[in-house]
Protein chains: 2
Amino acid sequence: MGLGEATLRNHGRPPTVIDVAEACGLSTATVSRVLNGLVASVAPETAQRVIEAARSLGYTPSAIGRSLRQSETRIVVLLVPDLTNDFCADVAMSLEKALQLGGLSMVLCNTAEKPEQQDRLLADAESLRPRGIVLLGAMDTPRLRAMAQTARPFIFINRRPPPPIKAPYVGIDNKAAGRAVAAHLLERGHTGIAIIHGPRKNSASRSRLEGFLGRIAEHGIDPASVIQIESALTTEAGYGHGRELLSRGQPPRAIFCGNDMIAYGIYRAAQERGVSVPGGLAIVGFDDNGINAWLAPWLTTIRVPAVDFGPAVASLLNEKNTARRESEVILPFELTVRSST
Amino acid sequence: MGLGEATLRNHGRPPTVIDVAEACGLSTATVSRVLNGLVASVAPETAQRVIEAARSLGYTPSAIGRSLRQSETRIVVLLVPDLTNDFCADVAMSLEKALQLGGLSMVLCNTAEKPEQQDRLLADAESLRPRGIVLLGAMDTPRLRAMAQTARPFIFINRRPPPPIKAPYVGIDNKAAGRAVAAHLLERGHTGIAIIHGPRKNSASRSRLEGFLGRIAEHGIDPASVIQIESALTTEAGYGHGRELLSRGQPPRAIFCGNDMIAYGIYRAAQERGVSVPGGLAIVGFDDNGINAWLAPWLTTIRVPAVDFGPAVASLLNEKNTARRESEVILPFELTVRSST
DNA sequence: TTGTACGCGTTATCAA
DNA sequence: TTGATAACGCGTACAA
């Protein structure tokens, strides 16, 4: 049991290639070759000796040393706006799974939708020298623009890179989704329409709004007659807006929400006010959170294939010269009609 | 704008201390001192020169170099069993937030409750030489036992370290929680009791079961008369067990679930079968997922303070010699009584 | 107050 | 097939 010795020699620090090399009487170069699977250029019995020594020492290669040598880590940083949002959690899980397959680790950071926090996290991310930086719901900040000129791969999910920046994008056709919701509401004869959309500086929100209003205009309704509210994408915000809207003299009869979280809040507000859904108020969400199938089987919403985002992003990361490429992966969405409309 | 030059010289790689040193005509040592805030031993105007040079080059220190030098990274690895479980997401977010405050990054990995995957991830984690490894819902695996002998801090959340291992633990008093649920059901006069608990090899599940049955026995009921089912902690599993239980000749009239996800599944099964809650069936969950307030306002459950886990873990990580200490942080739980009982 | 030089762990290059 | 060695970026002990 050589573990004790090595541990002692290194003052409790993990064994290194040198320890392994000494233990098996070979050079560090050979040890490295064996452990990196370059079996072609190593004698079988030599390889065996190395492997045994490594195992008896409990040796695990240091990613730090490797990274320094190769000036690249096997880390991907994912920035999300809100991990309590089911949709974000699903995307994070899907990405982590896809990265695991390629031997990459995922550092997860929460921007809480705060621009300064995003910038701080981007700086931290840069210092990690990650293989790539993935932004779910990016905000247009100074540091983002500065770093986007770097060679490091940036990938944008759901919100496109702010104009001057060229970088790969993975998401759905938000404009078409907005149109689909409008078409659905009009088809069902819903009037008194309102939209509670996400932040305007967020391309996804803007596109959905644009598509939604465009389709409504085509139907001969003045878009200016549509109540438009810019909102945070949380249940609390949705609830607040719901209470306010429903207490108006002429409350809306149909609301298109920026995401499902907002829709949950609206629903609660309607319940509290005794407004029936969809009779008194139609509600449409966005994302189709996985939990809907169990806890919100009433919610008509746009299904966004969260689990497909991870593989798409991972494959973009594996492409050569992904960095400044303007590739796009547009995933399909689907209008899921349930009883709230 | 020196950015171009440095970028060119380094073939597109990020600038280093050397680049900064050259740019300001000082030594790398001085640059390093300034950037690490050792202002005491540097002339003010010198510091200024360094800072300007660093900024004009867009220099960000490499965590790789730093880590190698100090043989320690600023990374903490968190292993979770299932990120789609609201509770896990909340804990992850809470930990990430707490770590951010201390300048640490969080690598998040999903074990999917698979022992082999946990072992693979533990190996990957070890190679990262993280500041600590945090396990939410650890499984007793060979590699876990082996690595637990290391100097590296391990922290267990929710499930205790398997017996020979000594390591800090953060969680609630699961036995007491199990007792509390039993007491509540008995007090309300519920009979025909069943428990759908998590994996037996998981200390949290065991303790809850033990406490629950213990309290029931004290009440003069034979614990053997309680239907006990070992289950995965997912909605799907809960739904499946719910269907099975409710189709029995003598279905249970009250079910204590291993977590809220199972409870959601049971609820659905009851609805589909036309069984009223709590009239026909009482349901108790566990965790009190944040989403309950909005989507499951009917669920009686044990509130576990997910957001307090992060700070508790972070402070354990900051303690000296946390590694083999057997410290414990027992957080308070609370029985949240709603309409399902 | 500033500079020189070494070593952290690894792998790629070159030489044997 | 194997070994010696340099280099990756950084922080610090020591020297100036």
Side-chain angles (χ1 to χ4, degrees), chain A residues 6-7 9-51 53-54 57-74 126-130, chain B residues 6-7 9-51 53-54 57-74 126-130:
Chain A
T7 302
R9 181 169 58 259
N10 294 333
H11 302 279
R13 284 208 250 98
T16 74
V17 264
I18 301 182
D19 298 317
V20 178
E22 284 177 3
C24 62
L26 291 161
S27 72
T28 60
T30 304
V31 171
S32 176
R33 277 190 282 257
V34 172
L35 267 34
N36 287 5
L38 304 181
V39 195
S41 49
V42 171
E45 65 268 30
T46 305
Q48 200 53 41
R49 269 165 66 199
V50 171
I51 289 168
L57 288 171
Y59 171 73
T60 309
S62 158
I64 304 174
R66 194 210 313 274
S67 297
L68 185 62
R69 180 62 231 261
Q70 304 182 334
S71 54
E72 167 155 79
T73 62
R74 298 183 67 70
E126 174 60 20
S127 92
L128 286 175
R129 304 290 189 263
Chain B
T7 303
R9 177 168 62 258
N10 293 334
H11 302 282
R13 284 207 252 97
T16 74
V17 265
I18 301 181
D19 298 317
V20 178
E22 286 178 1
C24 61
L26 291 161
S27 73
T28 61
T30 303
V31 171
S32 177
R33 277 190 281 259
V34 172
L35 268 33
N36 286 16
L38 304 182
V39 195
S41 48
V42 171
E45 65 267 29
T46 306
Q48 200 51 43
R49 268 163 68 198
V50 171
I51 289 170
L57 287 170
Y59 172 72
T60 309
S62 159
I64 303 174
R66 193 211 314 274
S67 298
L68 187 60
R69 179 63 230 266
Q70 305 182 335
S71 53
E72 167 155 80
T73 62
R74 300 184 65 72
E126 173 60 20
S127 92
L128 287 175
R129 305 286 190 265

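Note on naming: letters A, B, ... go to the chains in the order of the sequence lines (proteins, then strands), and numbering restarts at 1 for each one.
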Requested in this report: Please work out if A/A63 contacts a base, only the sugar-phosphate, or nothing of the nucleic acid, heavy-atom cut-off 4.0 Å.
Outcome: nothing

Report task. Using whole Å, report how far CD of B/E22 lies from P of D/dG9. Result -> 12 Å

Report summary line: In terms of heavy-atom contacts, B/A47 and B/V42 come closest through N-CG1, 3.8 Å

Query raised in the report: NA contact type, B/S62, heavy-atom cut-off 4.0 Å: base, sugar-phosphate, or nothing?
Result: sugar-phosphate

Query raised in the report: What does B/A29 touch in the nucleic acid at a heavy-atom separation under 4.0 angstrom: a base, only the sugar-phosphate, or nothing?
Result: base

Requested in this report: Just call it for B/V42: base, sugar-phosphate, or nothing, with non-hydrogen atoms closer than 4.0 Å on any strand.
Outcome: sugar-phosphate

Query raised in the report: B/R129 has a side chain; which of C/dT10, D/dT12, D/dT1 sits nearest to it?
Result: C/dT10

Requested in this report: Would you indicate, yes or no, if D/dG9 has its OP1 or OP2 atom less than 4.0 angstrom from a side-chain nitrogen or oxygen of B/T16?
Outcome: no

**Report entry** Nearest heavy-atom neighbours spanning A/C24 and A/A53
**Finding:** CB-CB, 3.7 Å

**Report entry** Donor-acceptor under 3.5 Å (A/T73 side chain, A/R129 main chain)
**Finding:** yes

Query raised in the report: Expressed in angstrom and rounded to an integer, what is the separation of A/N36 atom CG from D/dT2 atom C1'?
Result: 16 Å

Query raised in the report: Within this structure, what is the CG-to-C1' distance between A/L38 and D/dG3, rounded to whole angstrom?
Result: 15 Å

Query raised in the report: How do A/G65 and B/L35 order along DNA chain D: which one's closest nucleotide is nearer the 5' end?
Result: A/G65

Query raised in the report: Hey, which of these two, A/P44 or A/T28, hits DNA chain D nearer its 5' end, going by closest nucleotide?
Result: A/P44

Query raised in the report: What heavy-atom pair brings A/N36 and A/R66 nearest, and what distance separates the two atoms?
Result: OD1-NH1, 4.2 Å

Query - For the student: nearest non-hydrogen atoms of B/S67 and B/A63, plus distance - result: OG-O, 2.6 Å

Query raised in the report: Is B/Q70 near enough to C/dC8 that one of its side-chain N or O atoms lies under 4.0 angstrom from OP1 or OP2?
Result: no

Query raised in the report: Between C/dT10 atom P and B/L128 atom CG, what is the distance in whole Å?
Result: 13 Å

**Report entry** Residue closer to the 5' end of DNA chain C, B/L26 versus B/L68 (nearest nucleotide)
**Finding:** B/L26

Query raised in the report: Can you tell me how far C1' of C/dG9 sits from CZ of A/R33, to the nearest Å?
Result: 17 Å

Query raised in the report: For D/dG3, does OP1 or OP2 lie under 4.0 Å from any side-chain N or O of A/T30?
Result: yes

Query raised in the report: Are the side chains of A/V34 and A/V31 in touch, meaning some heavy atoms are under 4.5 Å apart?
Result: no

Requested in this report: Report yes if at least one side-chain N or O of A/S27 is closer than 4.0 Å to OP1 or OP2 of D/dG3; otherwise report no.
Outcome: yes

Query raised in the report: Does A/R13 make a side-chain N or O approach to OP1 or OP2 of C/dG9 shorter than 4.0 Å?
Result: yes

Requested in this report: Please state whether the base of C/dG9 and the side chain of B/R69 form at least one donor-acceptor pair under 3.5 Å?
Outcome: no

**Report entry** Separation of atom CG in A/L57 from atom C1' in C/dG9, rounded to whole Å
**Finding:** 15 Å

Query raised in the report: Could you state the CD-C1' distance from A/E72 to D/dC8, rounded to the nearest angstrom?
Result: 13 Å

Query raised in the report: To the nearest Å, how far apart are A/I64 CD1 and D/dG11 P?
Result: 13 Å

Query raised in the report: Counting any heavy atom closer than 4.0 Å, what does A/T46 reach on the DNA or RNA strands: base, sugar-phosphate only, or nothing?
Result: sugar-phosphate

